[in-house]
Amino acid sequence: MPELPEVETVVRELRQGGPTRGASVVGRTLARVTVRWPRHIATPSARGVQQRLPGQTILGLRRRGKYLIFDLTHDVLLIHLKMSGDLTVVGPDAPPDKHAHTVFHFTDGSALRFSDTRKFGKVFVVGQAEEIVGGLGPEPLEPDFTAKQLGRMLAARHRQLKPLLLDQTFLAGLGNIYTDEALHLAGLHPLRLSDSLSAAEVRTLWQSIRRALRAGLRHNGASIDWVYRGGGYQRHFRVYGRAGRPCLRCGTPIRRMVVGQRGTHYCPTCQPLPGK
DNA sequence: AGCGTCACCCGGACGC
DNA sequence: TGCGTCCGGGTGACGC
């Protein structure tokens, strides 16, 4: 369930090298691409990817929303991990991984594996990254994303906070977990309407979104950990997945409701809904 | 415009 | 133990 902090962690480790993902991929040149699950490739096609990528070098790596963006010599490779995807750099003699549905082989014998147990992830090869990420909302952690801007965005809509914050065209990078966490930090009910917030509430929400994301970054995204990465699954969550357990701030049992087909966790005391 | 619903997947949790 | 069933998660498509 990688959200912004988890994707950012993958980007950092693939760029600089890291303990769980191997050495940097920047500078490596693609030799061939193995596609075992053609539907992994969103565009142009498995064959298209296999024809276009060989010979191109990874010049750089960045993130936009939940997308990883590999800048290549001629094209741009984008990967969306969805919930269960992960990327690792392996050597020539690495043991096989039955969930590595797409593998990018480099000329030096190493490879970048896209493992994805649930097969929801997507690979895109396009000329310009904007073709895929052009419609995304602002980056919540960018310095130019201000409380004032968020206030204008919220006021321009008439929607419940939870589904609106999950909407990647509204704001890029928040998923189900950090949205619940941010709303709890802000003391705002998930069903509050976006144009009903006071200026003070907008500012608190802005702060809370950034605080929740930065907390995730500090833990290298380990606050979430991938579902299928063994071990810990350590939780630093205040509400997510804690239904029935006491709110860490006031002790009231955390509630779970479904909003737009999404499990939504909140404290009925700290996050009151006016008029109820 | 906004909302609801479905489809896509499969490991894990749960019930028997 | 094994078997069946359901759930969840991000997103896009579709209908109202």
Side-chain angles (χ1 to χ4, degrees), chain A residues 1-8 10 35-44 46 63-69 78-87 97-102 114-124 126 129 131-137 139-140 152-183 190-196 212-213 216 221 223-233 235 237 239-244 254-266:
Chain A
M1 55 187 83
E3 302 183 23
L4 186 156
E6 290 70 39
V7 178
E8 181 67 31
V10 175
V35 180
R36 291 217 301 258
W37 176 252
R39 292 160 78 171
H40 231 192
I41 313 299
T43 184
R63 178 193 63 75
R64 177 78 171 93
K66 303 176 193 174
Y67 289 84
L68 288 104
I69 305 177
L78 297 95
I79 295 181
H80 197 307
L81 301 173
K82 293 291 178 82
M83 300 82 76
S84 59
D86 199 7
L87 289 165
D97 172 359
K98 65 172 181 169
H99 295 300
H101 304 303
T102 298
F114 183 7
S115 303
D116 185 12
T117 42
R118 293 185 189 174
K119 299 180 173 174
F120 268 44
K122 288 284 177 276
V123 174
F124 309 81
V126 291
E131 296 172 40
I132 305 299
V133 298
L136 294 177
E139 287 287 330
R152 280 195 298 268
M153 291 161 53
L154 290 167
R157 314 294 290 271
H158 183 69
R159 296 189 63 186
Q160 297 170 336
L161 288 178
K162 168 85 182 206
L164 185 57
L165 292 175
L166 282 175
D167 183 345
Q168 302 297 297
T169 68
F170 180 79
L171 194 60
L174 286 181
N176 205 37
I177 295 169
Y178 288 97
T179 300
D180 281 3
E181 294 299 310
L183 287 173
L191 298 183
R192 280 289 298 278
L193 290 171
S194 58
D195 55 356
S196 77
L213 292 174
S223 57
I224 314 308
D225 213 336
W226 277 236
V227 181
Y228 299 104
R229 183 89 49 84
Y233 200 86
R235 297 169 174 251
F237 304 143
V239 284
Y240 187 84
R242 296 193 64 245
I254 298 298
R255 284 204 196 142
R256 181 182 186 280
M257 65 196 286
V258 175
V259 182
Q261 323 296 103
R262 276 296 110 63
T264 298
H265 312 75
Y266 68 105

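Note: hydrogens, waters and symmetry copies are ignored here, and every other heavy atom, side chains too, is used. Order of the sequence lines sets the chain letters (A, B, ...), proteins ahead of strands, with each chain counted from 1.
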Any side-chain N or O of [X] less than 4.0 Å from the OP1 or OP2 oxygen of [N]?
{"X": "A/R159", "N": "B/dA1", "value": "no"}
{"X": "A/H80", "N": "C/dT11", "value": "yes"}
{"X": "A/K82", "N": "B/dC8", "value": "no"}
{"X": "A/R118", "N": "C/dG10", "value": "no"}
{"X": "A/R157", "N": "B/dG2", "value": "yes"}

I need the [atom1]-[atom2] distance between [X] and [N], as an integer number of Å.
{"X": "A/Y67", "N": "C/dT11", "atom1": "OH", "atom2": "C1'", "answer": "8 Å"}
{"X": "A/R39", "N": "C/dG12", "atom1": "CZ", "atom2": "C1'", "answer": "14 Å"}
{"X": "A/F120", "N": "B/dG11", "atom1": "CZ", "atom2": "P", "answer": "12 Å"}
{"X": "A/K162", "N": "B/dC3", "atom1": "NZ", "atom2": "C1'", "answer": "16 Å"}
{"X": "A/L78", "N": "C/dG10", "atom1": "CG", "atom2": "P", "answer": "19 Å"}
{"X": "A/H265", "N": "C/dC7", "atom1": "NE2", "atom2": "P", "answer": "15 Å"}
{"X": "A/F170", "N": "B/dC3", "atom1": "CZ", "atom2": "P", "answer": "12 Å"}
{"X": "A/Q168", "N": "C/dG10", "atom1": "CD", "atom2": "C1'", "answer": "8 Å"}

Any donor and acceptor pair, going by atom type alone, linking the side chain of A/Q168 with main-chain N or O of A/L174 inside 3.5 Å?
yes
Evaluate the ring planes of A/F114 and A/H40, with Trp represented by its six-membered ring, and classify them as parallel (under 30°), tilted (30 to 60°) or perpendicular (over 60°).
parallel
Which nucleotide in the set B/dC9, C/dG8, C/dG10 lies at the smallest distance from any side-chain heavy atom of A/W37?
B/dC9
Nearest 0.5 angstrom please: A/T179 OG1 to A/E3 CD, how far?
6.5 Å
Between A/D180 and the options A/K162, A/R255, A/R242, the salt bridge (charged side-chain N to carboxylate O under 4.0 Å, His left out) test singles out A/K162
Just to be sure I understand the rule, does [X] reach a base, reach only the sugar-phosphate, or reach nothing, if contact means heavy atoms closer than 4.0 Å?
{"X": "A/H99", "answer": "sugar-phosphate"}
{"X": "A/K122", "answer": "nothing"}
{"X": "A/Q261", "answer": "base"}

Counting C-beta onward and ignoring hydrogens, is there a side-chain heavy-atom pair between A/L81 and A/K66 closer than 4.5 Å?
no
Report the residue (A/G260 or A/K119) whose heavy-atom-nearest nucleotide on DNA chain B is the more 5′ of the two.
A/G260
Indicate, yes or no, whether a donor-acceptor pair under 3.5 Å links the base of C/dG8 to the side chain of A/R262.
no
